[in-house]
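Notes to accompany the following structure.
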Amino acid sequence: MSRPAPSRENSPLRFVGVAPFLVFTGLFLILPTLYIVVGAFRATDGGFTLQHIAGLNTPAIRNAYWVSIRISFWSALFGCAIGLGMAAAVIHGGLPGRLRGPLMTFSGVASNFAGIALAFAFIATLGPAGLVTLWLRTEFGVNLRAYGFNLLSTTGLIITYLFFQIPLMILIIAPALDGLKREWREAAETLGASTFQYVRMVALPILFPSILGCFALLFANAFGAVATAIALTGSSLNIAPILLFAQIRGDVLGSPGLGYALALGMVVIAGVANALSIWLRTRSEKWLR
């Protein structure tokens with residue numbers, strides 16, 4: 001008597017489609033993270049040590065973390081506010097529907113535009129000899145440096161980060177905005193609510209978990225950005241990614257073990273932010289289905 005063929009649900013071949021994803025995740029996410037964790041607690045002789053973790057409690061490293069958190073917070077805050085306004089204007093603001101396609105396409109490209117190319121674009125535009133800087137100075141007599149603006153500073157880095165933070169916010173908040181049912185607005189208008197009252201008392205409470213989740217995701221996105229910061233400011237700005245790069249690169253005063261501890265701290269902060277984002281967005285989905 002022949003045995004029945006295994007069902008498709010129990011066949012190991014069902015994992016073939018996601019095999020490249022699993023391999024990529026294991027090689028470039030899980031294994032490097034485990035290597036960082038081991039390196040943060042490994043002494044030069046191969047034994048266990050807490051010296052690298054204790055080395056994080058220095059003024060320079062604490063200041064680097066604080067500056068990174070501040071840059072990530074403000075870029076995430078402005079990115080959420082501006083991105084939410086732009087997405088709401090296109091989806092529920094009465095603008096022509098044909099604008100949504102180009103906006104989402106541009107957002108998909110701009111949200112991944114970072115690193116040396118982005119830093120060069122901002123230096124060529126708003127740098128000391130940038131196009132806009134010289135145009136304002138020659139045409140209107142406005143000297144940005146005289147007003148305290150410096151692109152190679154925390155403020156300049158926040159402005160640069162907004163280039164990919166705003167499009168990322170548009171991409172991830174658009175599904176939540178689409179989930180706002182027309183019946184809710186019609187019911188509010190029937191009860192005499194104005195547009196402002198509907199937004200304040202209905203839309204925002206429903207969207208609030210999604211907005212907080214987007215903020216946490218944008219925070220983690222900015223906190224882990226290293227290529228743009230290095231390309232824009234070099235080593236002149238004391239932030240955690242630049243300090244980490246200097247330690248692992250092997251400078252004269254570099255310490256790979258301390259670099260692993262720095263990286264572990266960044267992984268913990270970014271991991272908490274991502275976990276919070278996932279939890280908040282999961283909670284908001286029950287209202288937007």
Checking Tyr65 against Phe223 for the side chain to side chain contact (heavy atoms under 4.5 Å, CB included) test, could you report, in this order, the C-alpha distance in whole Å, the side-chain angles of both residues, the deciding distance, and whether it holds?
CA-CA 9 Å; Tyr65 273 116; Phe223 191 81; 4.0 Å; yes
If I take atom [atom1] from residue [X] and atom [atom2] from residue [Y], how far apart are they, to the nearest 0.5 angstrom?
| X | Y | atom1 | atom2 | value |
| --- | --- | --- | --- | --- |
| Met104 | Leu99 | CE | CG | 13.0 Å |
| Gln51 | Arg42 | CD | CZ | 14.5 Å |
| Leu22 | Ile30 | CG | CD1 | 8.5 Å |
| Leu204 | Leu180 | CG | CG | 9.5 Å |
| Tyr147 | Leu136 | OH | CG | 10.0 Å |
| Leu217 | Cys80 | CG | SG | 9.0 Å |

Hydrophobic clustering (ILVMFWY, side-chain heavy atoms < 4.5 Å, transitive) - are [Y] and [X] grouped together?
| X | Y | answer |
| --- | --- | --- |
| Val23 | Phe28 | yes |
| Ile278 | Ile269 | no |
| Ile116 | Leu152 | no |
| Leu50 | Val267 | no |
| Phe149 | Phe140 | yes |

Just distance, no hydrogens or angles: give the donor-acceptor pairs under 3.5 Å from side chains in residues 121-135, sequence neighbours left out.
from	atom 1	to	atom 2	distance (Å)
Thr125	OG1	Ala121	O	2.7
Thr133	OG1	Leu126	O	3.3
Thr133	OG1	Gly127	O	2.8

Partner set under ring pair (Phe, Tyr, Trp, His ring centres under 6.0 Å) for Phe48, not counting sequence neighbours
Phe41
By ring pair (Phe, Tyr, Trp, His ring centres under 6.0 Å), Phe21 pairs with (sequence neighbours left out) none
As a quick check of understanding, evaluate side chain to side chain contact (heavy atoms under 4.5 Å, CB included) for Trp66 and Arg70, giving each step before the final call.
CA-CA 6 Å; Trp66 170 243; Arg70 191 172 62 199; 3.6 Å; yes
I want to check something: taking the side chain as every heavy atom from C-beta on, are [X] and [Y] in contact at a cut-off of under 4.5 Å?
| X | Y | answer |
| --- | --- | --- |
| Thr195 | Arg185 | yes |
| Phe219 | Ile69 | yes |
| Ser210 | Ile173 | yes |
| Leu258 | Leu56 | yes |
| Asn63 | Thr58 | no |
| Ser68 | Pro241 | yes |
| Ile242 | Val226 | no |

Under the side chain to side chain contact (heavy atoms under 4.5 Å, CB included) criterion, do Met266 and Leu244 qualify, and how do the steps go?
CA-CA 9 Å; Met266 293 181 63; Leu244 168 63; 3.9 Å; yes
CZ/Phe113: more than 12 non-hydrogen atoms of other groups inside 6.0 Å:
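Above 12, so yes.
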Which atom pair, heavy atoms only, marks the closest approach of [X] to [Y]?
| X | Y | answer |
| --- | --- | --- |
| Ala229 | Thr233 | O-OG1, 2.8 Å |
| Gly213 | Leu280 | N-CD1, 3.6 Å |
| Ala220 | Ala270 | CB-O, 3.9 Å |
| Ala88 | Leu177 | N-CD1, 3.6 Å |
| Leu27 | Pro32 | O-CD, 3.2 Å |

Would you say Gln197's side chain and Ser194's backbone share a donor-acceptor pair under 3.5 angstrom?
yes
Has the side chain of Asn238 got a donor or acceptor atom that lies under 3.5 Å from a matching backbone atom of Ala60?
yes
Among all residues two or more places apart in sequence or in another chain, which pass the side chain to side chain contact (heavy atoms under 4.5 Å, CB included) test with Leu29?
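So Leu29 forms a side chain to side chain contact (heavy atoms under 4.5 Å, CB included) with Thr25, Thr33.
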Determine whether Leu243 and Ile239 satisfy the following criterion, side chain to side chain contact (heavy atoms under 4.5 Å, CB included), listing intermediate values before the conclusion.
CA-CA 6 Å; Leu243 193 60; Ile239 61 176; over 6 Å; no
Per-pair distances, 0.1 Å, donor-acceptor, side chain in residues 157-172, under 3.5 Å, sequence neighbours excluded:
from	atom 1	to	atom 2	distance (Å)
Thr160	OG1	Gly156	O	2.8
Tyr161	OH	Ala225	O	3.4
Gln165	OE1	Asn221	ND2	3.0
Gln165	NE2	Ser75	OG	3.4
Gln165	NE2	Leu218	O	2.9

Could you list all the side chain to side chain donor-acceptor pair (under 3.5 Å) pairs where at least one residue sits in residues 89-117, not counting sequence neighbours?
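Applying side chain to side chain donor-acceptor pair (under 3.5 Å) to every pair that reaches into residues 89-117, excluding sequence neighbours, yields Arg100-Asp178.
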